[in-house]
Number of protein chains: 2
Amino acid sequence: MSTYVFGHTTPDSDSIVGAISLSYLKNQLGEDTIPSRQGEINPETTFILNKFGYEKPLLKTNYADENVYLIDFMESSQSPEDIAKATILGIVDHHKLGDLKTTTPLEMWVRPVGCSNTIVKQMFDYYNIEIPKDLAGMMMCAILSDTVIFKSPTCTKEDTKACKELAKIAGIEDYKAVGMEMFIVKSDVLNATKRELVLRDFKDFNMGGEKIGIGQLEVVDLNVFDTMKEELFEAMKELKIEGERHSVLLLLTDIMLEGSQLLVLSDDIEKVENAFEVKLENQQAWLAKVMSRKKQIIPFLEKQF
Amino acid sequence: MSTYVFGHTTPDSDSIVGAISLSYLKNQLGEDTIPSRQGEINPETTFILNKFGYEKPLLKTNYADENVYLIDFMESSQSPEDIAKATILGIVDHHKLGDLKTTTPLEMWVRPVGCSNTIVKQMFDYYNIEIPKDLAGMMMCAILSDTVIFKSPTCTKEDTKACKELAKIAGIEDYKAVGMEMFIVKSDVLNATKRELVLRDFKDFNMGGEKIGIGQLEVVDLNVFDTMKEELFEAMKELKIEGERHSVLLLLTDIMLEGSQLLVLSDDIEKVENAFEVKLENQQAWLAKVMSRKKQIIPFLEKQF
């Protein structure tokens, strides 16, 4: 029996860096843990790992009879299929309280902040453990990614504080420039299939018994999608059928305009329209100021189910 | 809309003191919160409140449209009936991850320690907020109660550390003597009806869809129950029928012998026997070294369902 630290099924930078940073902290505290991941690494995360000289965590999708720490999620829909057979020792997360259960007491560090790595930074401070320079750089990038360089409504004072302290440890003065560099990498949507794009940051939610998949792509210029909407809808349609999903939503977020183009395939379009008080045209709507799936999409959609 | 801080349905000292201590901390941090309780106060808690000069928290059982912080529980079976209509801002607890859900991100301070007030003490330290002398005394008592003066297998180094630090703030040198004084009060089982005794520290659990009620009484000498077993079973039978419970268990814990006499009424006696590897005689069994419902009863029973 080993102890693994990992994030949600379609890993983003926060969950990959978080697996590495939380595992490192636990090891420093005398536990023997292994960082892992449930899926492929996206281009932004690859950029971060390369920049700071870290390896990808181990790819592992089965966790029966293992001990696990979860980072950046607490929903069964984002868990390994055999999660009920694993022993959850702890959860570090910044989302809503999901539907996972345990049979024994556990450790939970959950805060309504913009990024899991902000919480991990607070844990390092709590235990008075030093953060290695390059790990601090990765954690800083995770915060800049999750908070869209502090522009997301999910961003809190705790996130900006943690990010600035991590930048200092990493010896990086212009951390916003690193953030922009990262988002330009993230904006490269031309070297991937449309299916890969929809799945790049895709999460399933259980809303009133229905499976709702919601993807998000954050770019510095929304125009890159102009010629590929039809193909994106094709990929969404595939995912809707394959996964027996009630709805598949895709948020195309323009981080400069600070809003999102919403693409919708749903068995009940009205629920989506009511949730965001919009009328869809060509199964799309522009949602001004909407940048956060967690804070500006899920709670409103969930109320409809 | 107000913000309330409260513990589980049948409050014990940890959940009453926790409501007061967590509410005080939140108020110091600039939030406006009110400590409350879901039910009547037990004799041990009355002793603690009187000793340190605190009032009972407000009795309140409906929380629709209110903001709430939960302390010492995260199970719907121990929640107000309208919990789904409240907004859970945070949870401070030391139990297993239950079945509550939220639609928005929240704050969770959950640790596998012996007492919720140990976690609240750590929160005071984290925020660098001073604990008033008498509040520290109450928090110390809550820890001594939940850990059975450090004898329970749930007791951790963090609990003893927090308890000793709180005793120092409270100006109490012989904290173990205060603990014994408290348990002698708790051992007075003669001035209550048998129904009150069974309900004094009673919690319902959902195990595989079945409702299981488990009470516990901790005394310094088990012999006090010798003449009242039959009446205790009568009271348990009432609760089993009224609540449509699959099983009602009562643990009579002798804190000096460090073990528990288990009383059982169940639709499936075998499940209980298998859980603890005992043969019941007259619907009873002696469980040596068993002092913790959370750690030594629930996980084993749950596996049977």
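Side chains included, hydrogens not; waters and symmetry mates left out as well; all remaining heavy atoms used. Naming convention: chains lettered A, B, ... in sequence-line order (proteins, then strands); numbering from 1 in each chain. Only a predicted model underlies this, so the values are computations on that prediction, with no experimental measurement involved.
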Looking only at heavy atoms, which two atoms of B:L97 and A:L97 are closest? And how far apart?
CD1-CD1, 4.0 Å
Hey, can you dump all donor-acceptor pairs under 3.5 Å between chain A and chain B, distances included?
residue	atom	partner	partner atom	Å
A:L97	N	B:T102	OG1	2.9
A:L97	O	B:T102	N	3.2
A:T102	N	B:L97	O	3.2
A:T102	OG1	B:L97	N	2.9
A:M108	N	B:V110	O	2.6
A:M108	O	B:V110	N	3.1
A:M108	O	B:R111	NH1	2.9
A:V110	N	B:M108	O	3.1
A:V110	O	B:M108	N	2.7
A:R111	NH1	B:M108	O	2.8

Please look at A:M74 and chain B and tell me whether the side chain, the backbone, both or neither of the residue comes under 4.5 angstrom of a heavy atom of that chain.
side chain
Bottom line for B:I91: the part with an atom under 4.5 Å from chain A's heavy atoms is side chain
